[in-house]
Peer 1: 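Below: one structure in structure tokens.
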Amino acid sequence: MEQEYRLKFFEENGFKRKKCKVCGTYFWTKGEHEVCGDAPCQEYEFFDVPTKRKLSFPEARREFLKFFEEHGHTIVEPRPVVARWRDDLFLTIASIVVFQPHVTKGIVPPPANPLVISQPCIRLEDIDNVGLTLGRHMTGFEMGGHHAFNYPDKEVYWKEETVRLAFEFFTERLGIPEELINFKESWWEGGGNAGPSFEVTIAGLELATLVFMQYEVKENGKKEYIPMKLKVVDTGYGIERIAWFTQKTPTAFHAIYGDLLKRFHEKLGVEEPPEELLYSLVRSAGLMDPDEPETIERAYKRASEYLGMSVEEIRELHQRASLVYQVLDHTRTIMWMLGDGIVPSNTGEGYLARLVIRRALRALWKLKAEVPLVELVKMQLEYWKDQYPRAWKNKEYILDAVEYEENKFREALRKGTRMVERILKRKKKIELDDLITLYDSHGIPPEVVQEVGERLGVKVEVPRNFYALVASRHQKEVRRVKGAEEKAKLPKEIIEWAKGLPETRRLFHEDPYMRRFDARVIDYKDNYLVLDQTAFYPEGGGQMADRGKIYKGEKEYEVRDVQKVGGVIVHVLNEPFQGEKGSLVVGEIDWIRRYRLMRHHTGTHVILAAARKVLGDHVWQAGAEKTPEKARLDITHHRPLTKEQIEAIEREANKIIDERRKVRTFTLPRNEAEAKYWFTIYQGGVPMDKEIRLVEIEGWDIQACFGTHLANTGEVGALKVISTRKIQDGVVRLEYVAATRVAEVAQEMERTLEEAASKVGGDKSALVKRIESLLERERKERELLNKYRKALKELYVKKAESLGKLKVLKMDLEDPELAQEVLRELSSDSVAAVIVGNRVELAAPKDIGLGKMIRQIGICKGGGKGARATAVCKSEEEVQAFLKELSSKI
């Protein structure tokens, strides 16, 4: 392995290979020191290292990009922090993620080669450490990456040039003394790739990682490293760390946020710790391991000895300041996540956004700060508006979503406290899975459970890395990406057979109005048929497959399904095909069905763009289905839709239909499509193709789409939303119909109105008035009924008899509501039983285990809780025997 790291650059420039005397890792340096320069082998000593000048965070980013641009790299615009182009990852955790897997697998060329990018990234693995380590850990950060993609026939640059560029950047651009720079040997794996790497460490702080991605990692029982044809230079420079290194502020948060940090302290009512205390602590920050509390206590003790302050005072100042740093970090991450269209929810990236929001709220709760989180996010938006324009553009949604989540959190706390009390009284012990369930399902932070436990004398253990644990569980979920379902509908042997056949010409794309076509048989297997060309659309993109007929001479076959395997289209027939390869057949699609599907599919594009216009750019397609009868569209949105919003979406959609806007389809190279139209083209998923097929509604919407579409929006006819509902947190479902289906649905609604009118009397024109009249009559009758119930309740209560300590009443009236009112009255000061037929309703003023008593007596079946229960008996004799036994137990 040593040869992977032995470079000419090191030999020519006087570098020596050394073994770190602390961790045993090999590193290359020109200096005389014997440690690798990384934490925890060395304290943060970079405060004593000279640099050319202090760089603010924006200046650090600018210097990094400018340096590599001057060295032949093209600057690439940063991508969203939600990795919508990946099916195995929710968040953009590194700059290379932007190019995985489509570029790194050689499917699509990079947007430039070489290139440089400063990419906002989010990692939640260390979320529980944020703040405590004074800037070593963050949830959100910018990774500066310069990347080179080396093809077999064209090498751009590899290890030598990568290391040389890093050395020049740190020495010539930043002015760091040569002898302090270390290249620490390491190994990197991620995203299915691997390779040797160097960590660039200087005086305790790692500033960059240089990865040489040269293997594809396969895990089939054992891990295999397969050499890649395309070798990738993958580097990551910490922009925040570069700013911190040059400014030498007491924490990284001071370097990144400047005066915003002071304003957060003031807003939260938390005194800023003295700078000399922070400087004393931060030198040990690289040695702090929150999983080992003694490492933090050692830092406190050392600061105490140096400053003459008590350990308790230092601990209090540090922990309260850490919470401020958490809120500062989390609110910027929230701004990024929501600004790039994530909607807080209970699944996927939405869950991760909610987790960060709730952890920020938890920090405010611990500080006892009365400041709404939305105010703090607003401060972040204003501070960063020039640097993160997408977030600023979506500020109204961001603030509304944060406020909505905060209200839900406070409601969860209110209800959750009572719920936790009930659980702890019953279980007396809470496991980790219980804590996660309470958090996931009810939004109750573990600290609240712990606080309630202390009050009730129940010890609740909360793992220090609780939030990282729940984040890691949800990061393992898989997002479905376009193409993931292609192979699911055919038998394995048919898929393998189809893979060996030539691609099918797609007549349905060339002319979506084609109804009848000629084709030649390429091959067939039982009732599976592949032709050289077809107008039959295969299932995909939320659009159902075409149906129709295929004629071979006088023989007619019914096409029951059509599926796509790669570029091959397989027709599923009603019976085995009989014919010869190369023979001529005639295909005829069910045109009425297809035309309805086209109307609903184009209508879906129209209505999605209308929803984005009415609700905001955060709206994203979460699912869609187009059938001949209707279409549905699932959209991400944090609130239920109002009647006014639904009407506005319909109005905008039908306006576009009336304007008869042109619909055109065309293809573009993927990089050009993304640069021109951005990532919103991938509403239906990201195809892993070099060329992207786009469907554009003139001046309204453009999406990557495989489906069949109309020539203009006027052919949609009309759109009518027939239902909306929230199907899960953060996702709303719209169902709608187009064209002639609007009239059919209207007829169905008219028949329903006529039936309703006939039930209540009168005709449909007077239906509303008739219903109002009936409701008024029902209200008056209910008032009268309540008066009768009140009088009856008083009579029944007086008739109750005593059986030992048990109050017993037999009711001869079947009125469950009255029975419950009587039971509540009777059980206010003693155990009571109300008998209705052979059913006994029981209540007690406190928990005495009524349900358990029913099971112990065994005469009648039933159950319930401690203070409320029901027994169901077979006869009056059983009722009396049961009551006698019960009275003896209370």
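Since we're looking at a predicted model, the values are computed, not measured. Just the heavy atoms: all of them, side chains too, but no hydrogens, waters or symmetry mates, feed the values below.
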Peer 1: Heavy-atom distance under 4.5 Å between the side chains of M811 and V834, does that happen here?
Peer 2: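 M811 reaches V834 side chain to side chain.
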Peer 1: Assess the residue pair R354 and D440 against the criterion (salt bridge (charged side-chain N to carboxylate O under 4.0 Å, His left out)); give the C-alpha distance rounded to whole Å, side-chain angles, the decisive distance to 0.1 Å, and a yes or no.
Peer 2: CA-CA 10 Å; R354 175 170 287 167; D440 273 357; over 6 Å; no
Peer 1: With a 4.5 Å heavy-atom cut-off, do L633 and I635 have their side chains touching?
Peer 2: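 Yes. Closest side-chain heavy atoms under 4.5 Å.
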Peer 1: Identify the two heavy atoms, one from I342 and one from A353, that lie closest to each other, and give their separation to 0.1 Å.
Peer 2: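 Heavy atoms of I342 and A353 come nearest at CG2-CB, 3.7 Å.
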Peer 1: List the residues meeting ring-ring contact (aromatic ring centres under 6.0 Å, His included) with Y788, not counting sequence neighbours, and say none if there are none.
Peer 2: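 Y788: no ring-ring contact (aromatic ring centres under 6.0 Å, His included) contacts found.
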Peer 1: Taking only Lys NZ, Arg NE, NH1 and NH2, and the carboxylate oxygens of Asp or Glu, determine whether K787 and E783 approach each other closer than 4.0 Å.
Peer 2: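 Looking at K787 and E783, the cut-off is not met.
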Peer 1: Do L886 and L803 have side-chain heavy atoms sitting under 4.5 Å apart?
Peer 2: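 They are not in side-chain contact.
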Peer 1: I'd like to know whether R362 forms a side-chain contact (heavy atoms from CB on, under 4.5 Å) with R358, so could you lay out the CA-CA distance, the side-chain angles of the two residues, the decisive distance to 0.1 Å, and finally the verdict.
Peer 2: CA-CA 6 Å; R362 163 234 188 226; R358 287 187 171 171; over 6 Å; no
Peer 1: Return a table of donor-acceptor pairs under 3.5 angstrom between the side chains of residues 846-854 and protein atoms on other chains or two or more places apart.
Peer 2:
unit_1, atom_1, unit_2, atom_2, d
D847, OD1, G849, N, 3.1

Peer 1: Would you please test V872 and V840 for side-chain contact (heavy atoms from CB on, under 4.5 Å) and show each step?
Peer 2: CA-CA 6 Å; V872 181; V840 184; over 6 Å; no
Peer 1: Applying side-chain hydrogen bond (donor to acceptor under 3.5 Å, both in side chains), name anything that partners T870, two or more places apart in sequence or on another chain.
Peer 2: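 side-chain hydrogen bond (donor to acceptor under 3.5 Å, both in side chains) list for T870, sorted by chain: E841.
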Peer 1: Any side-chain heavy-atom pair from V458 and I430 closer than 4.5 angstrom?
Peer 2: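 When only atoms from C-beta onward are counted, I430 and V458 do not touch, as no gap falls below 4.5 Å.
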Peer 1: Would you find a donor on one side and an acceptor on the other, under 3.5 Å apart, between the side chain of H600 and the backbone of K626?
Peer 2: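 Not confirmed, H600 side chain does not pair with K626 backbone.
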Peer 1: Please list, chain by chain and in numerical order, all residues satisfying salt bridge (charged side-chain N to carboxylate O under 4.0 Å, His left out) with R639, sequence neighbours excluded.
Peer 2: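 Only D400 meet the salt bridge (charged side-chain N to carboxylate O under 4.0 Å, His left out) criterion with R639.
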Peer 1: Before you tell me yes or no, could you show the steps for T347 and Q728 under side chain to side chain donor-acceptor pair (under 3.5 Å), namely the whole-Å CA-CA distance, both residues' side-chain angles and the distance that decides it to 0.1 Å?
Peer 2: CA-CA 9 Å; T347 59; Q728 67 181 57; 2.9 Å; yes
Peer 1: Measure the CD1-CD1 distance between I398 and I334 for me, rounded to the nearest 0.5 Å.
Peer 2: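 Rounded to the nearest 0.5 Å, the CD1-CD1 separation comes to 10.5 Å.
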Peer 1: Walk me through it: do E794 and K790 pass the test salt bridge (charged side-chain N to carboxylate O under 4.0 Å, His left out)?
Peer 2: CA-CA 6 Å; E794 291 172 1; K790 188 176 179 183; 5.3 Å; no
Peer 1: Less than 4.0 Å between a side-chain N and a carboxylate O, is that true for E744 and R741?
Peer 2: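 Salt bridge present between R741 and E744.
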Peer 1: Does the distance from a Lys or Arg side-chain N to an Asp or Glu carboxylate O, for R464 and D128, drop under 4.0 Å?
Peer 2: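 Salt bridge between R464 and D128, a charged N being under 4.0 Å from a carboxylate O: no.
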Peer 1: Kindly indicate whether the side chain of E801, heavy atoms from C-beta on, has any atom under 4.5 Å from the side chain of L809.
Peer 2: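 Side chain of E801 against side chain of L809, heavy atoms only: no contact under 4.5 Å found.
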Peer 1: Is the CD atom of E776 crowded by more than 12 outside heavy atoms at less than 6.0 Å?
Peer 2: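 Count over threshold, so yes.
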Peer 1: Take L399 and M335 through the test side-chain contact (heavy atoms from CB on, under 4.5 Å) and record every step on the way to the result.
Peer 2: CA-CA 9 Å; L399 297 175; M335 177 189 77; over 6 Å; no
Peer 1: Listed by chain and number, what are the side-chain hydrogen bond (donor to acceptor under 3.5 Å, both in side chains) partners of E750, not counting sequence neighbours?
Peer 2: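 For E750 the side-chain hydrogen bond (donor to acceptor under 3.5 Å, both in side chains) partners, ignoring immediate neighbours, are K764.
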Peer 1: Does the distance from a Lys or Arg side-chain N to an Asp or Glu carboxylate O, for R782 and E778, drop under 4.0 Å?
Peer 2: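 Answer for the salt bridge query: yes.
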Peer 1: Would H330 and T139 count as a side-chain contact (heavy atoms from CB on, under 4.5 Å) here? Give the steps.
Peer 2: CA-CA 7 Å; H330 292 1; T139 59; 3.8 Å; yes
Peer 1: Which residues satisfy the salt bridge (charged side-chain N to carboxylate O under 4.0 Å, His left out) test with E735, sequence neighbours excluded?
Peer 2: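 E735 satisfies salt bridge (charged side-chain N to carboxylate O under 4.0 Å, His left out) with K630 once adjacent residues are dropped.
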Peer 1: Say you draw a straight line from CD1 of I357 to CG of L352; how long is it, rounded to the nearest 0.5 Å?
Peer 2: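 Result: 11.0 Å between the selected atoms.
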Peer 1: Would you list the pairs meeting side-chain hydrogen bond (donor to acceptor under 3.5 Å, both in side chains) in which at least one residue belongs to residues 880-890, sequence neighbours left out?
Peer 2: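 For residues 880-890: none.
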Peer 1: How far apart are the C-alpha atoms of R868 and Q820, what are their side-chain angles, what is the distance that settles it, and do they pass the side chain to side chain donor-acceptor pair (under 3.5 Å) test?
Peer 2: CA-CA 11 Å; R868 294 299 294 265; Q820 290 302 316; 2.3 Å; yes
Peer 1: How about P445 and R359: do any of their side-chain heavy atoms sit closer than 4.5 Å?
Peer 2: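 Side-chain contact under 4.5 Å: no.
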Peer 1: Using only atom types and a distance under 3.5 Å, with no angle test, would you say the side chain of D434 pairs donor to acceptor with the backbone of E431?
Peer 2: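 The answer is yes, because a donor-acceptor pair under 3.5 Å joins these two groups.
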Peer 1: With salt bridge (charged side-chain N to carboxylate O under 4.0 Å, His left out) as the rule and sequence neighbours excluded, what pairs involving residues 812-832 come up?
Peer 2: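 Found R789-D815, R789-E817, K793-E825, K807-D829.
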Peer 1: Give a yes or no on whether K810 atom NZ has more than 12 heavy-atom contacts from other residues, nucleotides or ligands under 6.0 Å away.
Peer 2: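 Counting other residues, nucleotides and ligands, NZ of K810 exceeds 12 neighbours.
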Peer 1: With sequence neighbours left out, what residues match H638 under ring-ring contact (aromatic ring centres under 6.0 Å, His included)?
Peer 2: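 Counting only residues at least two positions away or on another chain, H638 forms a ring-ring contact (aromatic ring centres under 6.0 Å, His included) with Y397, Y404, H618.
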Peer 1: Ignoring hydrogens and angles, state whether a donor on the side chain of Q621 or R612 is under 3.5 Å from an acceptor on the partner side chain.
Peer 2: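 Looking only at side-chain atoms, R612 and Q621 do not form any donor-acceptor pair under 3.5 Å.
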Peer 1: So, taking the atom named CG in L806 and the one named CG in L842, what distance separates them when rounded to the nearest 0.5 Å?
Peer 2: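 L806 atom CG to L842 atom CG measures 7.5 Å (nearest 0.5 Å).
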Peer 1: Does E461 pair with K459 as a salt bridge, N-O distance under 4.0 Å?
Peer 2: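 Looking at E461 and K459, the cut-off is met.
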Peer 1: Return yes if some donor-acceptor pair links the side-chain N/O of E878 with the main-chain N/O of K874 below 3.5 Å, else return no.
Peer 2: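 At least one qualifying donor-acceptor pair exists.
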Peer 1: Could you give the distance from CG (L323) to CG (L328), rounded to the nearest 0.5 Å?
Peer 2: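 Between atom CG of L323 and atom CG of L328 there are 12.5 Å.
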Peer 1: Should R315 and E312 count as side-chain neighbours, where that means a heavy-atom distance under 4.5 Å?
Peer 2: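 In contact.
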Peer 1: Can you pull the disulfide (SG to SG under 2.5 Å) pairs that have at least one residue in residues 855-890, sequence neighbours excluded?
Peer 2: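 Applying disulfide (SG to SG under 2.5 Å) to every pair that reaches into residues 855-890, excluding sequence neighbours, yields C860-C873.
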Peer 1: From E405 CD over to S345 OG, what is the distance, rounded to the nearest 0.5 angstrom?
Peer 2: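 The CD atom of E405 sits 8.5 Å away from the OG atom of S345.
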Peer 1: If you count heavy atoms of other groups shown closer than 6.0 angstrom to CZ of R414, is the number above 12?
Peer 2: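 Yes, because the 6.0 Å sphere around CZ of R414 holds more than 12 heavy atoms from other groups.
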Peer 1: Using the ring-ring contact (aromatic ring centres under 6.0 Å, His included) rule, collect all pairs that involve residues 724-765, keeping only residues at least two apart or in two chains.
Peer 2: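 Matches after skipping sequence neighbours: none remain.
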Peer 1: Is it the case that the side chain of E421 and the backbone of V452 share a donor-acceptor pair, with hydrogens and angles ignored and the cut-off at 3.5 Å?
Peer 2: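 Such a contact is absent between E421 side chain and V452 backbone.
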Peer 1: Considering only NZ, NE, NH1 and NH2 on the basic side and carboxylate oxygens on the acidic side, decide whether K378 and E375 come within less than 4.0 Å.
Peer 2: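 Result for this pair is no, no salt bridge flagged.
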Peer 1: Any ring-ring contact (aromatic ring centres under 6.0 Å, His included) pairs touching residues 421-456, not counting sequence neighbours?
Peer 2: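 Qualifying pairs, neighbours excluded: Y439-F466, Y439-Y467.
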Peer 1: Less than 4.0 angstrom from a charged side-chain N to a carboxylate O is my criterion; do K408 and D729 meet it?
Peer 2: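 So K408 pairs with D729 through a salt bridge.
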Peer 1: Is R410 paired with E406 through a side-chain N to carboxylate O contact shorter than 4.0 Å?
Peer 2: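 A salt bridge links E406 with R410.
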Peer 1: Are the side chains of V760 and S773 in contact, using a 4.5 Å heavy-atom criterion?
Peer 2: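 They are not in side-chain contact.
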Peer 1: Is the shortest distance from a Lys or Arg side-chain nitrogen in K366 or E447 to a carboxylate oxygen in the other one below 4.0 Å?
Peer 2: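 Looking at K366 and E447, the cut-off is not met.
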